[in-house]
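Atoms within a ligand are numbered from 1 in the order they appear, just like the ligands themselves.
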Amino acid sequence: MKILVTGGAGFIGSAVCRLLIEDTDAEVVNVDRLTYAASPEAVASLTTSNRYRFEHTDICDSETIDRIFREQQPDAVMHLAAESHVDRSIDGPEAFVETNIVGTFKLLQATRRYFERLPPARRQHFRFHHVSTDEVFGTLGAEGAFGEDSPYAPNSPYSASKASADHLARAWHHTFGLPVVMSNCSNNYGPYQHPEKLIPLMVTNAMRGRPLPVYGTGMNVRDWLFVDDHARALWLVLNRARPGEKYNIGGNAESTNIDLVRSLCSILDDLIPNRPHRNHADLISFVTDRPGHDLRYAIDCNKIRRELGWKPLETLASGLRRTVKWYLANHDWCERVRARGYDNARLGVLEPAATP
Ligand code: NAD
C-alpha cells in the first residue's frame with residue numbers, strides 16, 4: 001500500500017511517517033512545503049528506506065500535486081498539512097485560510113482527478129483521510145464531551161479554517177463520491193513538537209530557567225494524547241473506516257493547563273534535581289489570556305474504541321515523563337528550531353487588523 005502523507009515533516013505527520021515505515025510495510029510519499037513548523041530531523045531516519053520518498057511541495061500547487069499523483073500512484077492520502085498554531089492564526093489568519101481551506105480544496109480536487117481515472121478495483125480500496133481537530137466543536141462547559149455528531153462551533157481563525165476544511169472533505173464525499181474518512185483529535189504532545197506549543201514551550205523554558213507563561217488563570221482544560229497513540233489511531237481509521245465515516249480520537253486525559261504545567265515542573269525537579277531553578281514551579285507566571293480562549297475540550301472516543309479496538313498506550317503521567325526526557329535529551333534540536341527563527345516571542349496578542 002502506497003500512502004501520500006501531506007505534512008509529513010510536521011509534528012504528527014512525522015510520527016505517522018515513522019510508524020508507517022518502521023512498523024508496517026506501507027510505502028510513503030511525504031508531501032511537505034517545509035514551513036517554519038516542519039522538522040526535517042523528525043523524518044531523517046527514514047530517508048535511507050526505499051519505501052520512503054520526500055516531495056518538497058505546497059499542497060496549493062495543483063500542477064505539482066497532479067504530477068505526484070500521476071508518478072506515484074498512491075492507494076491513499078493522509079492529509080495532515082496545515083497551519084496549526086492558534087496564536088499564529090490570531091496574528092496572521094491569511095496563511096490559515098490559504099493552506100487549511102484553499103489547500104485542502106485543491107488537494108481534494110487533485111485527488112478527485114486522480115481517483116476518477118483509477119480502475120474500479122483500485123477505486124474500491126482508495127481512501128482520502130482528512131485529519132482534523134476537536135477544536136472545530138468549539139468550547140465546553142464543566143460537563144460533557146464532544147461526540148462525532150457534536151455541532152460545529154469553531155471560535156478561533158485556526159479552528160474555523162479546520163472546520164471549513166472538514167466541511168469540504170465531507171462534501172467531496174457526498175457530492176463527488178470521493179471515499180473520504182475523517183478523524184477529529186484532541187491536543188497531542190510528544191517528541192518533535194515545535195517549542196511554540198504549550199508543553200515544549202514550558203519544558204524548554206524551564207530547562208533554561210526562563211518564566212513559564214500560563215495564559216489567564218490556567219484553568220482552561222484540554223484532553224491530552226501522546227502523538228504515537230494518535231498515529232496508531234490514524235492508521236486504523238485509514239484501514240478500517242468505511243467511506244463517509246468519522247471518528248473522534250482522544251486520550252481520556254483531561255487536565256487544566258496549570259495542573260499540566262505543575263506536573264511538568266515536578267518531572268523536571270525529579271529528572272534534573274541539581275539545577276539552580278529547582279523548584280521549577282517557581283518559574284510559573286500568569287500572563288494575559290489568549291483572545292477567545294476556549295475553556296474546555298473533552299473527547300468522547302468510545303466509537304473508535306468500540307468499533308476499531310483502539311486505545312491509547314500511554315497514560316498522561318507516562319507520556320509526559322517520556323516527553324520531558326526526550327526534550328532533555330534533544331536540547332540541540334530545540335536550539336536548531338530556535339536558530340531557524342523562533343525567538344520565544346509571545347504570539348496571538350490582539351493587534352488592530354492590518355489594512356488590506
Ligand atoms: P505542524 O504544524 O507540526 O505540522 C504541519 C506540517 O504541514 C509542517 O511540516 C508544514 O511544513 C506542513 N505544511 C504547512 N503548510 C503546508 C502546505 N501549504 N503545503 C504542504 N505542507 C504544508 O502540525 P501538527 O501539529 O503536526 O498537526 C498536523 C495535523 O493534525 C493538522 O491538520 C492539525 O490541524 C491536526 N491536529 C493537530 C493536533 C495537535 O495537537 N497538534 C490535534 C488534532 C489535530
Side-chain angles (χ1 to χ4, degrees), residues 4-18 29-43 54-62 64-65 68 77-89 92 94-107 110 129-137 146 154 156-166 169 182-200 222-231 233-234 237 247-251 253 297 299 301 319 323 337 340 342:
L4 191 159
V5 178
T6 73
F11 165 52
I12 302 172
S14 66
V16 168
C17 290
R18 292 192 301 273
V29 182
N30 177 0
V31 172
D32 197 299
R33 191 182 123 193
L34 298 182
T35 68
Y36 80 95
S39 178
E41 298 93 335
V43 282
F54 180 70
E55 292 275 358
H56 183 191
T57 304
D58 190 326
I59 54 166
C60 296
D61 176 355
S62 299
T64 306
I65 298 291
I68 295 169
V77 174
M78 296 176 86
H79 175 36
L80 294 98
E83 288 292 335
S84 70
H85 190 32
V86 176
D87 286 346
R88 283 184 193 259
S89 80
E94 195 165 338
F96 290 71
V97 172
E98 203 45 54
T99 286
N100 299 1
I101 305 178
V102 179
T104 299
F105 158 72
K106 290 192 170 181
L107 185 68
H129 184 173
H130 176 66
V131 176
S132 191
T133 163
D134 61 353
E135 301 192 27
V136 297
F137 302 123
F146 299 127
S156 72
Y158 164 67
S159 55
S161 69
K162 290 296 293 185
S164 307
D166 289 16
M182 196 179 321
S183 54
N184 295 80
C185 187
S186 62
N187 281 43
N188 283 217
Y189 67 98
Y192 293 112
Q193 189 168 30
H194 194 282
E196 68 188 0
K197 301 280 172 64
L198 180 67
I199 289 178
R222 300 292 180 262
D223 173 5
W224 293 95
L225 181 67
F226 191 71
V227 66
D228 292 349
D229 282 326
H230 187 193
L234 294 177
V237 169
Y247 288 91
N248 281 358
I249 306 169
Y297 305 139
I299 278 276
C301 56
T323 302
V337 172
R340 294 200 279 261
Y342 176 64

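- Annotation: salt bridge (charged side-chain N to carboxylate O under 4.0 Å, His left out) contacts involving residues 185-195, sequence neighbours excluded, are absent.
- Applying the side chain to side chain contact (heavy atoms under 4.5 Å, CB included) test between I59 and each of T64, T99, V102 identifies T99 as the sole match.
- A donor-acceptor pair is defined here as one N or O able to donate and one able to accept, closer than 3.5 Å; such a pair exists between the side chain of N184 and the backbone of T133.
- Among residues two or more places apart in sequence or in another chain, the side-chain hydrogen bond (donor to acceptor under 3.5 Å, both in side chains) test is passed with K197 by S84.
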Between the protein and ligand 1, are there any N or O atom pairs that come within less than 3.5 Å of each other, and if so, what are their names and distances?
from	atom 1	to	atom 2	distance (Å)
ligand 1	2 (O)	S84	OG	2.6
ligand 1	3 (O)	F11	N	3.0
ligand 1	9 (O)	G10	N	3.0
ligand 1	9 (O)	D32	OD1	3.3
ligand 1	9 (O)	D32	OD2	2.6
ligand 1	11 (O)	D32	OD1	2.6
ligand 1	11 (O)	L34	N	3.4
ligand 1	11 (O)	T35	N	2.9
ligand 1	11 (O)	T35	OG1	3.1
ligand 1	18 (N)	D58	OD1	2.9
ligand 1	18 (N)	T99	OG1	3.0
ligand 1	19 (N)	I59	N	3.0
ligand 1	21 (N)	R33	N	3.0
ligand 1	23 (O)	S84	OG	3.3
ligand 1	26 (O)	F11	N	3.3
ligand 1	26 (O)	I12	N	2.7
ligand 1	32 (O)	L80	O	3.1
ligand 1	32 (O)	K162	NZ	2.6
ligand 1	34 (O)	Y158	OH	2.6
ligand 1	34 (O)	K162	NZ	3.1
ligand 1	40 (O)	N188	N	2.8

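- For A160, the side chain to side chain contact (heavy atoms under 4.5 Å, CB included) criterion is met by P154, not counting sequence neighbours.
- Relative ring orientation between Y36 and H194 is described as perpendicular, the plane-to-plane angle rising above 60° on a 0-90° scale split at 30° and 60°.
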